[in-house]
Each structure stands twice: as C-alpha cells, then as structure tokens.
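All heavy atoms count here, side chains included; hydrogens, waters and symmetry mates do not.
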Amino acid sequence: MSRQLSMDTVRQNFWKEEYLREKMLRCEWHHKYGSLVKAKQKAKAAARLPLKLPTLPPKAPLSPPPAPKAVPSRASSPALEAPIQSEMYPVPPATRALLYEGISHDFQGCYRYLSTRKLDMPEKRYLFPITTNFTYGWQLGPPVKQELVSCKMCRIESFFRKNGTFSLLDPRDLAL
C-alpha cells in the first residue's frame, strides 16, 4: 500500500490527535489493570516452579562389624579387595590398543575397536544379562548360516495363504 503524499495541516493534526488518544487509552488501561496482570503473571510463574521436597537429615553411619582376629592376615591382591564396579568384563589390552590406532574416518580407531568388540559374544563381554532382552541372545553360540535350497516359486507358495484372506483357515496352515 502506498503512502499518501497529500498531507495537509488538517490531516496531520488528525493523526496527531489519534496517536495521543491511543497513548492516553493505553496509559489508562495500564493504570486500571496493570496490577491485576502482574499478579496473574506472578501466580503463573509460581505454579511453574518445581515442587521442592523436604530434605531428610543424614543418617548416622553404621559401625562395621568387628573383624575376627584369629584369622591370619595374608597379602591379597587389590583386585580381590576392590568391589566389582562394572557389569562388563575388562577389555583385553590388544582390543583396547585399537582405540589409539588411527581415526574413525579411515575405519580405524574407535570404529575398528567397536566393530571388533561387537564380534564378541555377550557372554564374553558382560558378567551377567543386564536387561531382559539380553536373555534372547545369551548363550546362543555362533551364528549358523542357512542356505536357501528351495526355488523362488516354492517360497512364494509357502508364504501366501492358499485359502484367501477371509475364508476359514486350513488345519495344515495353523501352527500348534
């Protein structure tokens, strides 16, 4: 929309009065309703804050049971004293060395380490199944490659239903 160039004194005074009238209306509205709006904004902001739970006092540490003095002390390795902190077996040094050879962009370094680590069975990497999904792959053994000896038409005939979509199933098609 183009601007009108024929602005005389009457039109200029009209726009000046309109501007001042709108400005006064805004000031009056703010004077009348401004405190209510601020109160609502504070209430909404307070509702958005997370609920703080009360803090519990710290419990006194339990005293360790007294150690029997009759057992002779022997030098034990630090591996036996330290509790198991990981659910995985330690990585062999040869596999760990792959991390520091080259970069992943050249299919070395981290890429080669992860691909090598992926080839190990879960039983060799983890101490125990961590999730229930691990039980599906636990102790499966090496993958067996199956050769497809059937012809294409045999696979098509065995895949599709012979009786149609909505007809009663043939007893030979049901798996018990």
Query raised in the report: What distance do Asp8 atom CG and Asn13 atom CG have between them, rounded to the nearest 0.5 Å?
Result: 9.0 Å

Query raised in the report: If you group Ile, Leu, Val, Met, Phe, Trp and Tyr by side-chain heavy-atom gaps below 4.5 Å, do Met88 and Phe134 land in one group?
Result: yes

Report summary line: Note: Tyr89 and Tyr126 closest approach over all heavy atoms is CE1-O, 3.2 Å

Query raised in the report: From Arg96 CZ over to Arg117 CZ, what is the distance, rounded to the nearest 0.5 angstrom?
Result: 8.5 Å

**Report entry** Atom CZ of Arg125: over 12 foreign heavy atoms under 6.0 Å
**Finding:** yes

**Report entry** Residue pair Glu87 / Phe128, side-chain heavy-atom distance below 4.5 Å
**Finding:** yes

Query raised in the report: Do you reckon Leu98 sits in the same ILVMFWY cluster as Tyr100, going by side-chain contacts under 4.5 Å, direct or chained?
Result: yes

Query raised in the report: In terms of hydrophobic clusters joined by side-chain contacts under 4.5 Å, are Met7 and Phe14 together?
Result: yes

Report summary line: The reported gap from OG1 in Thr9 to NZ in Lys16 (rounded to nearest 0.5 angstrom) is 10.5 Å

Requested in this report: Please check if Trp29 and Leu36 belong to a single hydrophobic cluster, counting links between Ile, Leu, Val, Met, Phe, Trp and Tyr side chain heavy atoms closer than 4.5 Å.
Outcome: yes

Query raised in the report: How far apart are the closest heavy atoms of Ser104 and Tyr111, and which atoms are they?
Result: OG-N, 3.3 Å

Report summary line: Rounded to the nearest 0.5 Å, the NE2 atom of His30 sits from the NZ atom of Lys38 at a distance of 5.5 Å

Query raised in the report: Is atom CZ of Arg112 surrounded by more than 12 heavy atoms (other residues, nucleotides or ligands) closer than 6.0 Å?
Result: no

Report task. Report the distance from atom OG of Ser35 to atom NZ of Lys40, rounding to the nearest 0.5 Å. Result -> 11.0 Å

Report summary line: Rounding to 0.5 Å, atoms SG (Cys110) and CD (Glu101) come to a distance of 13.0 Å

